[in-house]
Amino acid sequence: MMFSKYLKLINLEALNSELFNTIMINIIKGFLKLISLLFCLTIYSNSFAQVGYDWKEPVFMENNAGNEAALHSKLDNNGNVFIFGQFINSITIEDTVLFSSMTMGAYLSKYDNDHNHLWSKLILESKEENPNQGRVIVGGRISIDHDNSVYTSILYTDSVKVDGQLFTVDQSTQYYSDIITMKFSNNGALLLKDHIKGNCPSGISNIEFVDNDLLFALNLSKSGLETLDSCTCIINSDTSVISFENKVIITKLDDVTRIPLWQKDMKASNSSIGVSFIRKNEGNLFLTGGVLSSSSLEYNTDQLSVSSSYRNYVFTMNVDFQGNKKWWQYAGVTGWDSFLFPSNLVVNTKNDILLSLNHRSQSTFNQIHFSDFSSLLGFGNNDESFAVVNYDSLGNIKWKDMSDSRGYETNGGLATDSEHNVYLTSTYIDSLYFGEDSLCSENIWYDQLITSYTKDGQKRWSTTISGPGTERGLQIFIDQEDNMHLLSSVSGSEIRLGGSIDKTVPPESSFFMVKLEKQPLSTNAFSVSENDIKVYPNPNTGSFFIESDVNTEIKRIEIYNALGQLAKDEQSPDAITKVYNLKNGLYLVKVTTENGEVVKKIIVE
């Protein structure tokens, strides 16, 4: 860990010889790789064991759907879990067997907060592949409105059947696709469908809601269709002829008429552009997406310009409910083989947002540049890393961080709890450092990583899900009780939860859910009188005394920080014990005596 920190301080660009640069970088990286590997084989530490979560029994899902059995999940307002996925021919989900009469199927499942299966329903059928474009149905994300109705959107390139009705695309247009969005009740009844068609090849980003009106972004691409100048876009009963460019059409549909209330164009000249996520909060919409060049971004009459050295960049944008821009920011990367794209967007509180990014760089140093002229520096080149950025309500960066490893890390999910702590689930390989934690993937292969930051960007804790195969972190959600819910993929015969709990993976399973139930440390859990134990001074500056009554013998003193982590542990202490060197914060002092236990709060200032 120390060597990786020193490497980041070296100004490699100051070296005069490009050849010397390359040689030295590879020598240093090779040396660090050896040191890190030896370190991983001898020392593994993470702080999760003391955080206060109880791993519940994982729920596994059948593997006959290939690698798309579970594509997306979401919690509703009551803490129930919804999962959208695809399968080939049939799939068994708990006691429910679903069949597709057209080879390929899409399903929606509901589980309660403890991951007990409630129901699963077939929502769409299709052929498996289109000879020209591969898989017929593509993607699918879940959104849930304030009434707990469930929405999903699916792009398709041939014929699909929904609720007995057949929808067929116009095959006369190359690279053509249609989009269908569906609204379900919380019990799985299909309430309505929205159909987007025409001859504008497009994709759709996830759905959001403004009051009851539907909001989405249509991503148009001219790739392979450079001679097409205009196209027809049909949204339900509304038909419009639009100029065909590489652009995004942000659209708000009326809840009653199901036609657009307004549409806004976003484009980057001669470059592919796409919106990946849309979120809302307190009268504001937040969007993030990517531009595959350094072309300026245009929105209405506004223009966002970036450095011409960028290979591509990610934009983050705040607009009001009428689509008027408030602010936008960007993050970019250089190097012809560098790539940066958003992996998640979360609104935290008071229009404070969190953005996670995935970054890959091979020939150039792993670095992300931001519009405020700051940057994040990774471990080296030939590296894949993830980053998290916290923007305030005006678009200023409050804090940011990048994964610290010598190999591959990619983010899958992002969430916050009631205290605005930040959680990520990711995938990593080899060794990774997070604060004071040193993590090593099992068998030097892909493992799942779960990490947490405070609301101010301080590293809290980390833990893993490992095994002999590949374990990937796909999504993470925090419910109203601050319990954690993970959706993960697995390819091996067993998994290890939190580095210590072994579970067998049933045959033919490739996905699983697991709940981590929050177990807060309570000051009311012990019945011994507090008058028998004195802790003073309180508040203090990091040093204080713990003293017992003359008739009470102290057996053990445990001191926990506000995260539930064990900060100090003293066996058989003296009747008067002095504690030193605690950092600022709130602590719980648990004193075990011959007559029972006492817990006291202290504040270190």
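If you read the sequence from its start, that first residue is 1, and numbering goes on from there.
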Please enumerate all residues that pass ring pair (Phe, Tyr, Trp, His ring centres under 6.0 Å) together with [X], with sequence neighbours excluded.
X: His72; result: none
X: Tyr111; result: His117
X: Phe286; result: none
X: Phe341; result: none

Taking the ring centre of each residue, are [X] and [Y] less than 6.0 Å apart?
X: Phe60; Y: Phe512; answer: yes
X: Phe434; Y: Trp461; answer: no
X: Tyr313; Y: Phe370; answer: no

Next item on the list: Apply side chain to side chain contact (heavy atoms under 4.5 Å, CB included) to Asp112 and list each qualifying residue two or more places apart in sequence or on a separate chain.
Entry: Asn80, Asp114, Asn116, Leu118
Notebook entry, point to check: Who are the side chain to side chain contact (heavy atoms under 4.5 Å, CB included) partners of Ser343, not counting sequence neighbours?
Noted result: Ser356, Asn358, Asn411
Next item on the list: Would you check if Phe99 and Leu122 make a side-chain contact, meaning some heavy-atom pair closer than 4.5 Å?
Entry: no
Notebook entry, point to check: With a 4.5 Å limit on heavy-atom distance, are the side chains of Gln448 and Thr427 in contact?
Noted result: no
Check: Between Leu486 and Leu516, is a side-chain contact (heavy atoms from CB on, under 4.5 Å) present by the stated rule, with each step listed?
Finding: CA-CA 8 Å; Leu486 300 171; Leu516 288 80; 3.7 Å; yes
Who passes side-chain hydrogen bond (donor to acceptor under 3.5 Å, both in side chains) against [X], sequence neighbours left out?
X: Ser375; value: Gln367
X: Lys398; value: Asp352
X: Ser272; value: none
X: Asn187; value: none

Item checked: Residue pairs involving residues 468-490 (criterion salt bridge (Lys or Arg N to Asp or Glu O under 4.0 Å); sequence neighbours excluded) ->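 Residue pairs with at least one partner in residues 468-490: there are none.
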Notebook entry, point to check: Does any pair with a residue in residues 465-504 pass ring pair (Phe, Tyr, Trp, His ring centres under 6.0 Å), and if so which ones, sequence neighbours excluded?
Noted result: His115-His485
Notebook entry, point to check: Quick check: are there more than 12 heavy atoms from other residues, nucleotides or ligands sitting under 6.0 Å from NZ of Lys455?
Noted result: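 No.
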Check: Checking Lys121 against Tyr107: charged group under 6.0 Å from the ring centre and within 45 degrees of the axis?
Finding: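 Cation-pi check for Lys121 and Tyr107: fails.
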Margin query: Given 3.5 Å as the limit, does a donor-acceptor pair link the side chain of Asn186 with the main chain of Asn148, or not?
Written below: yes
